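Please read all numbers here as calculations on a predicted model, not as lab measurements. By convention here, the first residue in the shown sequence is residue 1. Just so you know, ligand 1 is whichever comes first in the structure, and atom 1 is the first atom listed for that ligand. Atom set for the values below is all heavy atoms of this structure, side chains included, hydrogens, waters and symmetry mates excluded.
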Amino acid sequence: MITFEKAYEIVMNSSFPTGTEKISYTASLNRILAADIISDVDMPPFNKATVDGFACKRTDLGKELEIIETVQAGKSPEKIPGILQCARIMTGAPVPSGSDCIFMVEDSEILPSGKVRFTGSYRKDNISLKGEDVKKGDIVLESGKKIQPQDIAVMATVGSTEVDVFCKPLIGVISSGDELVEPEELPGDSQIRNSNACQLIAQVERSGASGKYYGIARDDEEDTLRIVSRAIKECEIVIITGGVSAGDFDFVPSVLEEAGVKILFTRIAVQPGKPTTFGVHKKALVFGLPGNPVSSFIQFEMLVRPLICRMMGHNWQPVTFQLPMKESFTRLSAERMAWLPVKITDKGFVSLIEFHGSAHISSLPEADGVISVPVNIKTINKNQMVTVIRI
Ligand code: AMP
Ligand code: MG
């Protein structure tokens with residue numbers, strides 16, 4: 001049995017890059033940028049009015065000013081206002097040269113003579129200067145970033161309509177166990193529904209990779225080997241759940257070896273998820289995750305998700321919070337690191353949720369996150385600060 005830290009290191013060191021591809025910026029949401037985005041323009045591209053108003057010289061504020069033209073957004077000024085002159089100007093329009101301030105329509109009065117006067121008190125010039133947000137040649141988005149809607153707006157602004165992103169790895173998911181039926185079916189006596197496959201495919205997609213489901217392998221070496229071999233041929237990562245414990249029909253590790261996988265570990269000192277198995281094949285990385293759905297969920301989040309992110313060039317870290325415990329917690333044995341599902345209360349305390357063990361799938365939807373209890377630690381005290389990992 002190895003520590004979680006060692007298992008994490010082995011998994012991360014096995015990662016290989018997925019390559020890159022060019023796609024349209026409009027299709028890039030949640031993908032990982034593979035090259036910096038560089039601006040081909042200054043932003044704003046000209047000194048720009050930030051309000052609707054009148055452009056003039058600051059020294060003329062309060063005086064009666066002649067309006068010499070109207071500048072609308074999308075048009076260039078044709079005249080240069082002189083002393084005691086101004087131009088009516090709209091938000092987003094270029095400021096006429098020689099003008100160093102714009103007073104707002106709301107702070108102005110049109111006089112019977114047709115002239116205009118500033119009636120407010122001066123606070124700011126209401127001009128956004130050329131290049132003050134971004135300069136031509138600036139890096140506006142860095143490689144390795146997960147692309148969000150606001151990044152797509154930046155790409156549009158700087159004209160990056162084709163972007164380099166890392167290719168999504170394909171993750172094959174296999175369930176195993178004679179007791180499993182698919183969710184559409186009503187389980188017979190001694191059967192349960194397969195909840196791991198859909199959960200894992202959703203976790204894969206949330207991680208930004210693509211998932212492919214290969215069905216249920218029966219507790220039969222030949223059937224398992226056939227499905228595993230096909231998945232290894234087609235995918236960058238293969239996850240098989242079930243069949244990794246110590247039961248009479250738990251032969252996933254031996255089937256993986258038969259398929260040409262070099263097993264790097266079969267036990268981690270964690271709870272839940274001890275029988276987590278990992279191996280490498282020249283075509284794919286392979287995980288054997290415990291069949292219990294909470295174990296497979298947690299092991300995916302702790303080991304597989306960071307690996308997927310590393311392969312896509314994304315330096316992902318889970319979101320964490322430091323918060324105090326609402327109540328104390330004690331466990332009988334501290335040989336393994338433990339993850340416990342928790343809720344964050346209205347008052348900002350961490351509260352354990354009822355958790356009967358790694359088959360208790362209905363406990364997870366309630367959880368805001370998990371906390372980890374290190375090896376050799378049996379007790380967490382009330383009010384002790386703990387790190388909540390968002391799940
Ligand atoms: P195993 O790892 O095969 O020993 O399975 C451990 C437990 O997880 C058993 O109670 C299985 O019935 C259950 N289990 C295995 N695979 C799944 C699955 N795909 N969905 C839900 N439960 C499962
Ligand atoms: Mg089984």
For Gly242, the ligand 1 atoms whose distance to one of its heavy atoms is below 4.0 Å:
1 (P), 2 (O), 3 (O)
Of all protein heavy atoms, the one nearest atom 4 (O) of ligand 1 is Ser245 OG, 3.2 Å
What is the nearest protein non-hydrogen atom to atom 22 (N) of ligand 1, stated with its residue, atom name and distance?
Ile192 CD1, 3.4 Å
Answer yes or no: is there a donor N or O on one side and an acceptor on the other, between the side chain of Asp60 and the main chain of Lys63, under 3.5 Å?
no
Among Ser295, Gly243, Ser190, closest by any non-hydrogen atom to atom 3 (O) of ligand 1
Gly243
Would you say the side chain of Ile371 lies within less than 4.5 Å of the side chain of Ile389, judging by non-hydrogen atoms?
no
Between Trp339 and Phe355, is the ring centroid distance below 6.0 Å?
no
For residues 185-195, which residue pairs qualify under side chain to side chain donor-acceptor pair (under 3.5 Å), counting only residues two or more places apart or in two chains?
Ser175-Asn194, Glu182-Asn194, Asn194-Tyr213
Just need the protein heavy atom nearest to atom 7 (C) of ligand 1, so name the residue and atom and give the distance.
Asn292 OD1, 3.4 Å
Just distances here: any N/O of Gly291 and N/O of ligand 1 closer than 3.5 Å?
yes
If you count the atoms of ligand 1 from 1 in the order shown, which ones are under 4.0 Å from a heavy atom of Asn194?
18 (C), 19 (N), 20 (N)
Please check if any side-chain donor atom of Glu258 sits under 3.5 Å from a side-chain acceptor atom of Ser254, or the reverse.
no
Can you check which of Gln199, Arg193, Glu179 brings a heavy atom nearest to atom 9 (C) of ligand 1?
Glu179
Is the closest heavy atom of Ser195 to ligand 1 under 4.0 Å?
yes
Contact list for residues 86-111, test side chain to side chain donor-acceptor pair (under 3.5 Å), sequence neighbours left out:
Asp52-Thr91, Glu109-Arg117
